[in-house]
Amino acid sequence: MNAAIGLSLIILFALGVPIAISILLASIIGIEFFSRLPLLMVPQRMFVGIDNFPLMAIPFFILAGNLMAAGGISRRLVDLAKSIVGGLQGGLAMTCVLTCMMFAAVSGSSVATTFAIGSILIPAMVKHDYPKPLAASIQASSAELGVLIPPSIPLILYGVSTDTSIGRLFIAGIGPGLLIGGALLLFLFLFCKIRGYGLRDREDRSDFLSAFKRAWAALLMPVVVIGGIYGGVFTPTEASAVAVVYALIVGGLIYRELPFKDLWPILKQSVISTATVMLIISAAALFSFLISRSGLPSDVAAWVTQVFDNPVSFLLAVNVMLLVIGMFVETSAAILVLAPIFTPIAIQYGIDPVHFGLIIVVNLALGMFTPPLGVNLFAACAVAKLSIDQLIPWLLRFVLVVLACLIAITYLPWISLGLVDLLY
């Protein structure tokens, strides 16, 4: 059955069938033609896959991110970031990275970050004589921070699929997020110095105090969410609902840029995004059930432990595999299918599941801005009105920077676990 499901999946991917539908159809083919299971198993296992309380956080964080993006948050965060680094040569490019880091702590979504920040900063960088493909590449690579710095939807999915503490995963995501953000800032500072970009970036720069006064309410959201979780006030799932209420208060009452008439389009977009994610989750739950029932995870575990006799080689193999998969498979589906298979093997090698979760998410985040299926890449191209092939020559530099960070995150566990150990 495994071979039939795998072959069906490859054919459906090659035909351009959407990820969720491909996984669902491949599973149905396996059940109908290569097993004795009834087709009633399809809706049953799909429902069981989404009947999980922590998954409630996903629609709430999606809604909170959309409310914050529409409520004037992104523009204020851009002004604040520009007041910090805008005085340097290349400061506008660095503003993009810094703003994405701050917005990541609000939205939890890399695509939302790309549209909210890119619509402001890509035209601004082009106006300041940055090549448009470079501006779009900076935005696409910076937006991946949206899935690392908490709250993070991929980290929630990893936690649910492997029964790992979502609270610990959120804290563990801070270190890798800061590392990748810092590496991108350093690279852009040196790159702009060498190439001569960003000589006029000091123009239209606000002073820090006035920019901070305008953005303080937005910056307080991650403090409320993360502080509430670790203060024992609410769980990560409940924190997502708190984030929605906070976003409504900030956008509607404090900034007054979120009129009541705009709520319906925001709710509609949030429902569509949630339905997309939940369909992938339910289809992947059915797929994972069939794979587990066939005994494939134990077979893979036995093969891996025979071939790779130490954690160093195992992690190297996992990284290579995930980098390739991340280029072709949507992040949520990849996590839900692969994490339950490889996390138990990683634990056998003595690798902390929280650390391993960050390795998986960083790998797949890299796939978000690499062709052919990088979602951030498509979003940045849509904002900049460019084709993907125009970005590829510029993207390679950013891929190498993040790849270097991935190696450090993989083999230096304290980057992910330092804060976790300190708090727990």
Side-chain angles (χ1 to χ4, degrees), residues 97 100-101 104-105 107-111 113-114 140-159 161-162 164 166 168-187 311-312 314-339 341-343 346 349 351-370 373-377 395-420:
V97 177
C100 286
M101 291 176 70
S107 71
S109 166
S110 63
V111 177
T113 302
T114 302
S141 55
S142 302
E144 72 149 341
L145 296 167
V147 301
L148 296 176
I149 298 175
S152 162
I153 292 171
L155 286 178
I156 293 172
L157 294 177
Y158 175 84
S161 62
T162 61
T164 304
I166 294 173
R168 289 174 182 255
L169 287 166
F170 276 8
I171 287 296
I174 295 174
L178 292 176
L179 173 66
I180 294 174
L184 288 172
L185 286 171
L186 178 61
F187 167 75
V312 174
F314 166 72
L315 287 174
L316 179 61
V318 167
N319 274 330
V320 172
M321 183 192 69
L322 288 174
L323 283 171
V324 174
I325 289 173
M327 295 171 65
F328 296 94
V329 180
E330 201 273 337
T331 300
S332 300
I335 290 173
L336 291 164
V337 172
L338 298 175
I341 296 175
F342 286 102
T343 302
Y349 281 106
I351 300 166
D352 190 293
V354 173
H355 175 217
F356 191 67
L358 266 298
I359 293 172
I360 289 179
V361 171
V362 172
N363 261 291
L364 297 175
L366 189 56
M368 289 180 174
F369 66 97
T370 52
L373 297 177
V375 290
N376 289 356
L377 206 53
L395 272 174
L396 182 60
R397 302 170 175 86
F398 300 99
V399 171
L400 292 175
V401 171
V402 178
L403 200 55
C405 294
L406 171 61
I407 294 170
I409 292 163
T410 300
Y411 294 110
L412 299 174
W414 58 265
I415 295 174
S416 302
L417 300 178
L419 272 177
V420 176

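- Nearest approach of Leu336 to Ser161, heavy atoms of both residues: CD2-CB, 4.0 Å.
- In this structure, Leu323 and Leu406 have side chains that are in contact, with non-hydrogen atoms separated by less than 4.5 Å.
- Leu364 has its side chain within reach of Ile335: a pair of non-hydrogen atoms, C-beta onward, lies under 4.5 Å apart.
- The shortest distance between side-chain heavy atoms of Phe369 and Val402 falls below 4.5 Å.
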Exercise for the section: Could you walk me through whether Asn363 and Met321 pass the side-chain contact (heavy atoms from CB on, under 4.5 Å) test, one step at a time? Expected result: CA-CA 9 Å; Asn363 261 291; Met321 183 192 69; over 6 Å; no

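- A 4.5 Å side-chain heavy-atom check between Ile351 and Phe314 finds at least one atom pair inside the cut-off.
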Handout entry: Full working for side-chain contact (heavy atoms from CB on, under 4.5 Å) between Asp352 and Val420
Key = CA-CA 11 Å; Asp352 190 293; Val420 176; over 6 Å; no

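- In this structure, CD1 on Ile156 lies 5.5 Å from CD1 on Ile166, to the nearest 0.5 angstrom.
- Nearest heavy-atom pair, Met101 versus Leu178, reported as atom, atom and distance to 0.1 Å: CE-CD2, 3.6 Å.
- The two residues Ala408 and Leu179 come nearest to each other via the heavy atoms CB-CD2, 4.2 Å.
- What you find for Gly177 and Leu148 is that their closest heavy atoms are CA-CB, 4.2 Å.
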Exercise for the section: Mind running side-chain contact (heavy atoms from CB on, under 4.5 Å) on Leu322 and Phe342 for me, showing each step along the way? Expected result: CA-CA 11 Å; Leu322 288 174; Phe342 286 102; over 6 Å; no

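- Tyr158 has its side chain out of reach of Leu358: every pair of non-hydrogen atoms, C-beta onward, lies at least 4.5 Å apart.
- Heavy atoms only, all atoms of each residue included: Glu144 and Ala365 are closest at OE1-CB, 3.1 Å.
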Exercise for the section: Please step through side-chain contact (heavy atoms from CB on, under 4.5 Å) for the pair Ile409 and Ile180, ending with a clear verdict. Expected result: CA-CA 10 Å; Ile409 292 163; Ile180 294 174; 4.3 Å; yes

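- The ring of Phe398 has its center closer than 6.0 angstrom to the ring center of Phe187.
- With rounding to the nearest 0.5 angstrom, the NE2 atom of His355 is 9.5 Å from the OH atom of Tyr411.
- The line from CG of Leu169 to OG of Ser416 is 10.0 Å long, rounded to the nearest 0.5 Å.
- In this structure, Cys100 SG and Ile149 CD1 are separated by 9.5 Å, a value rounded to the nearest 0.5 Å.
- Between Val97 and Gly181 the shortest heavy-atom distance is CG1-O, 3.6 Å.
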